[in-house]
Chemist: 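This is the structure I have questions about; it appears just below.
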2 protein chains.
Amino acid sequence: MRGERKDIITVSEAQLKIMPEMSELLHTRYRFLQMIDMLGPVGRRGLAENLSVGEREARKETDLLREQGLIIASHSGMRISESGKEVLEILKPLVYEWSGISVMEKQLTQKLCIQRVLIVDGDINETPSIKILLGLEAAKVLSKVAKEKEIIAVTGGSTLAAIADSVTPSDQPNNLTFIAARGGMGVDDMRLQANTIAATFAHNSGNAYRTLYLPEHLSETAYKAIIEEPMVKEMIDLYDRTDVVIHGIGSAIEMASRRNSTETEKSNLLEHGAVSEAFGYYFDESGKAVQRIQTVGIQREQVNRCKSIIAVAGGKNKAAAILSYFKQGANQTILVTDSAAAKEMLHLLK
Amino acid sequence: MRGERKDIITVSEAQLKIMPEMSELLHTRYRFLQMIDMLGPVGRRGLAENLSVGEREARKETDLLREQGLIIASHSGMRISESGKEVLEILKPLVYEWSGISVMEKQLTQKLCIQRVLIVDGDINETPSIKILLGLEAAKVLSKVAKEKEIIAVTGGSTLAAIADSVTPSDQPNNLTFIAARGGMGVDDMRLQANTIAATFAHNSGNAYRTLYLPEHLSETAYKAIIEEPMVKEMIDLYDRTDVVIHGIGSAIEMASRRNSTETEKSNLLEHGAVSEAFGYYFDESGKAVQRIQTVGIQREQVNRCKSIIAVAGGKNKAAAILSYFKQGANQTILVTDSAAAKEMLHLLK
DNA sequence: AAGTGCTGGGACAAAATTAGTCCCGTTAGT
DNA sequence: ACTAACGGGACTAATTTTGTCCCAGCACTT
């Protein structure tokens, strides 16, 4: 018909045309409602802090949400109502459309050449509480891809820990086995180690798990000796039969600092141009594995042989790392990230 | 599932829950856009007057609409853009839903026991320009119900005149014949007489018409004599073959005043409790025809025999009259009215 | 060819709304 | 019994919105 102009098709696009302020308004309110949902009974001040807004604005919005019956105020705080939950669920696609998350998801899926990109709204650094959302989203993906009696390998890190906390029994198929994708992580916080997280996954979903505690940075001889142990061999066998891997992606520098690497090791990484880290491998900008930590763990070939891979990482600072990691092909991967990382990735790609 | 609470289903309902101010906002903006569309190139001040808002508000809204590219400002005034028209069209159902017009349409259709009720937003008395909308709506209905070679009888009145103006050639089927539902209306404004309006309909749609000019208030003998005239007989024959009637509904008192009725006639009407008037018949509250003007015109039985009847009337003051008229069964009628009349009708029915 | 009545846009003070910052009585958890 | 956090009230400062002009420019009319 008409040549140049792209026709408006959907109602929501027309709404946005005639009421542009709705986009921001919806975004704000939705975040409030979502926060109240997540933080359970929460006070006005705590809410304001979590969303980085003034107390008064928090009050204004919560007043409105209460009047609309979307939240319920009590002495112990505000919590979401039944209709609030419905609204949250129904409006999600619209929020994603208007905030541009939908298009970002599509663009990144294409540019990273992976199966799917899922973005949760927010910045994991600015608003740590949205890690819960990342977790919920990842847990949802897991429940979709995992079938009965499958083996799920998980890695460590704070993000993965959050996901483990978000898993509920009803979500997941039965008879799964969770295993740590790698041995110990040295002096790291116990709660962030793969073994612990595998246990949490299993516990929260009512499934079994297998652990393997090993010291990190083994010498060549010690490594060769230990992989002959029956317990270890058994674990390596499990890696071969792993169906789903769910892992974080780390920034190489941050990772090296967290592990008590020596200065030589750090400068070694820098020399090789390491940008990202995932299950013990360090990758450079072009996606080449430039180094790996010598410990028992799932191998890259084993990962790539898996049915599904779920990668989870968020925050602007992770953007470069995520890009680097996906330079090596990982077609069957589903990435769960936040909008801050997504924006930065698209910015870096331009 | 849950017993009591009615579940939110649609996205638009959820939007309204979380952003209640959107309803009014959309309504306002939509009216602006609609007005600009109707009034063609129009200035800020004229627009403000038409919508009964301050000059500043008119300016604020038009500024926004212009920024959004929905309207185009030029030295001769503002007019709607292509995308503006699209938005107008796409958003109509939403406006109707949020302003409660949709539910009013359903309620009235049921309570009046007629085929369909179509409501245009506004008050025909406060905003005369929306008569154009009434007209457009009625013309749209006509184009849907009228088939080729059919005979359309029209009555008089300012509303019908507005409809006639809104008819365009492309709208209507070909080879229609428009006829006046009744002879002259005495001393009334020429432009509001059925004969003139039939001619306008025909002219604007590129069809034929037949007129019949007769004096009103004929004596019994004169009446009997005149209906023997070939020209008149021919017209009466047309009434028998009429397919579609499109008529206004008048308030009895106003009608009697407009026609130069004598005081006796007026008090006579009051005595009989006449409330409404349509094609020469006066009806009381219960829908009984209490009087009719003695002139050549379509008879009630002939009307009821028609395939489709389109009734058009708007304004709060017409509410009682419309209710009265539809008390006599008129199942195949489609009523086109405005929201002011609709509200009042529902109010009176409670 | 000058006049007149529109147009959109600029400017500015008054009015209304919103945001920031306290306080307070109450209540749940300790 | 105590404490910390809750929602809600109150009041001022800041911001936005609104009402009301004026203005230069363009299109009709005279």
Side-chain angles (χ1 to χ4, degrees), chain A residues 18-84 127-129, chain B residues 18-84 127-129:
Chain A
I18 205 169
M19 300 180 288
E21 55 271 69
M22 268 190 16
S23 170
E24 206 189 322
L25 192 64
L26 175 63
H27 203 231
T28 320
R29 300 247 167 99
Y30 193 86
R31 291 201 320 147
F32 267 94
L33 197 54
Q34 199 175 44
M35 267 300 168
I36 294 170
D37 181 28
M38 283 185 339
L39 304 182
V42 62
R44 185 213 307 157
R45 293 165 185 87
L47 198 58
E49 197 178 352
N50 248 292
L51 290 163
S52 322
V53 294
E55 183 190 323
R56 204 55 168 75
E57 191 182 344
R59 185 171 181 170
K60 187 181 134 201
E61 298 300 345
T62 53
D63 279 352
L64 189 139
L65 292 175
R66 191 174 331 107
E67 275 170 26
Q68 293 295 322
L70 301 177
I71 61 174
I72 296 160
S74 68
H75 324 106
S76 54
M78 299 172 281
R79 59 180 212 283
I80 197 164
S81 72
E82 279 306 311
S83 46
T127 321
S129 30
Chain B
I18 206 170
M19 300 180 289
E21 55 270 70
M22 269 189 15
S23 170
E24 205 189 323
L25 192 65
L26 175 63
H27 202 230
T28 320
R29 299 247 169 97
Y30 193 86
R31 291 201 320 149
F32 268 93
L33 197 53
Q34 198 176 45
M35 266 299 169
I36 294 170
D37 182 28
M38 283 184 342
L39 304 181
V42 62
R44 186 211 308 158
R45 293 165 184 86
L47 197 58
E49 198 178 351
N50 250 292
L51 290 163
S52 320
V53 295
E55 183 190 324
R56 206 52 168 72
E57 190 182 344
R59 185 171 181 172
K60 187 181 133 198
E61 299 299 345
T62 53
D63 278 353
L64 189 139
L65 292 175
R66 190 175 331 105
E67 274 170 26
Q68 294 295 320
L70 301 177
I71 62 175
I72 297 160
S74 71
H75 49 272
S76 55
M78 299 172 282
R79 58 180 212 285
I80 197 163
S81 71
E82 280 305 311
S83 45
T127 321
S129 29

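Any value given below was found using the heavy atoms of this structure, including those in side chains, with hydrogens, waters and symmetry copies removed. Throughout, a chain's letter reflects where its sequence line sits, starting with A, and its residues are numbered from 1.
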Chemist: Between A:Arg56 and A:Gly77, which residue's closest nucleotide on DNA chain D lies nearer the 5′ terminus?
Modeler: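 Whichever sits nearer the 5' end wins; that is A:Gly77.
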Chemist: Can you check the B:Arg45 CZ to D:dG19 C1' distance for me, whole Å?
Modeler: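 Roughly 13 Å, once rounded to whole Å.
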Chemist: Which heavy-atom pair separates B:Ser76 from B:Pro41 by the least distance, and what is that distance?
Modeler: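 So the minimum-distance heavy-atom pair works out to O-CB, 3.8 Å.
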Chemist: Pick the nucleotide of DNA chain C nearest each of A:Glu55 and A:Ser76; which residue has the one closer to the 5' end?
Modeler: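 That would be A:Glu55.
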Chemist: Answer yes or no: are there more than 12 heavy-atom neighbours, outside A:Glu21 itself, under 6.0 Å from its atom CD?
Modeler: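 Yes, enclosed.
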Chemist: Mind running a 4.0 Å heavy-atom check of residues 22-30 of chain B against DNA chain C and sending the residues that fall below it, in number order?
Modeler: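 Those residues whose heavy atoms fall under 4.0 Å from DNA chain C, taken from residues 22-30 of chain B, amount to none.
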Chemist: Taking only Lys NZ, Arg NE, NH1 and NH2, and the carboxylate oxygens of Asp or Glu, determine whether B:Asp63 and B:Arg66 approach each other closer than 4.0 Å.
Modeler: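 Salt bridge flag = yes for B:Arg66 with B:Asp63.
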Chemist: Is any side-chain nitrogen or oxygen of B:Lys60 closer than 4.0 Å to OP1 or OP2 of D:dT18?
Modeler: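 Yes, B:Lys60 has a side-chain N/O under 4.0 Å of OP1/OP2 on D:dT18.
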Chemist: Could you give the CD-to-P distance, from B:Glu57 to D:dG19, as a whole number of Å?
Modeler: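 Rounded to whole Å, this separation is 7 Å.
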Chemist: Can you name the nearest heavy-atom pair linking B:Ala48 to B:Gly54, along with the distance?
Modeler: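 That would be CB-O, 3.8 Å.
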Chemist: Heavy atoms only: give me the nearest A:Leu39-A:Ser129 pair and the separation to one decimal.
Modeler: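 Closest pair (atom of A:Leu39, atom of A:Ser129, distance): CD2-CB, 4.1 Å.
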Chemist: Tell me, please, the opening and closing nucleotides of DNA chain C, 5' to 3', among those with an atom under 4.0 angstrom from a non-hydrogen atom of chain B.
Modeler: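 Contacts span C:dT7 to C:dC12, reading 5' to 3'.
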Chemist: Quick one, B:Leu33 with B:Glu61, criterion side-chain contact (heavy atoms from CB on, under 4.5 Å). Give me CA distance, side-chain angles, the key distance, then yes/no.
Modeler: CA-CA 9 Å; B:Leu33 197 53; B:Glu61 299 299 345; over 6 Å; no
Chemist: Output the rounded distance in Å from CZ (B:Arg44) to P (D:dG19).
Modeler: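 B:Arg44 atom CZ is separated from D:dG19 atom P by 13 Å.
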Chemist: Considering every strand and a 4.0 Å limit on heavy-atom distances, what is the contact class for B:Ser74: base, sugar-phosphate, or nothing?
Modeler: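 Sugar-phosphate, no base atom in range.
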Chemist: Among A:Leu65, A:Ile72, A:Leu47, whose side chain to side chain contact (heavy atoms under 4.5 Å, CB included) with A:Met78 holds?
Modeler: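 Result for side chain to side chain contact (heavy atoms under 4.5 Å, CB included) with A:Met78: A:Leu47.
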Chemist: Can you pull out how bent the helix from C:dA1-D:dT30 to C:dT30-D:dA1 is, comparing the axes over its first five and last five pairs, to 10°?
Modeler: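 Answer rounded to 10°: the end axes differ by 30°.
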Chemist: Is the number of heavy atoms from other residues, nucleotides or ligands within 6.0 Å of CD (B:Glu49) greater than 12?
Modeler: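 Check fails, neighbour count at 12 or below.
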Chemist: Could a donor-acceptor pair under 3.5 angstrom be found where the side chain of B:Arg59 meets the base of D:dG19?
Modeler: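 For B:Arg59, whose side chain was compared with the base of D:dG19, there is no donor-acceptor pair (under 3.5 Å).
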Chemist: Below the 4.0 Å mark, does D:dA27 have OP1 or OP2 next to a side-chain nitrogen or oxygen of B:His75?
Modeler: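 Affirmative; the distance criterion is met.
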Chemist: Considering non-hydrogen atoms only, spot the tightest contact between A:Arg29 and B:Met19 and give its length.
Modeler: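 Shortest heavy-atom contact: NH1-CA, 3.5 Å.
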Chemist: Tell me if a side-chain donor or acceptor on A:Thr62 pairs with a main-chain N or O of A:Arg59 at a distance below 3.5 Å.
Modeler: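 Such a contact is found between A:Thr62 side chain and A:Arg59 backbone.
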Chemist: Does B:Ser83 use its side chain to pair, donor to acceptor, with the backbone of B:Leu70 at less than 3.5 Å?
Modeler: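 Between the backbone of B:Leu70 and the side chain of B:Ser83 there is no qualifying donor-acceptor contact (under 3.5 Å).
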Chemist: NA contact type, B:Val42, heavy-atom cut-off 4.0 Å: base, sugar-phosphate, or nothing?
Modeler: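 The residue B:Val42 makes sugar-phosphate contact but no base contact.
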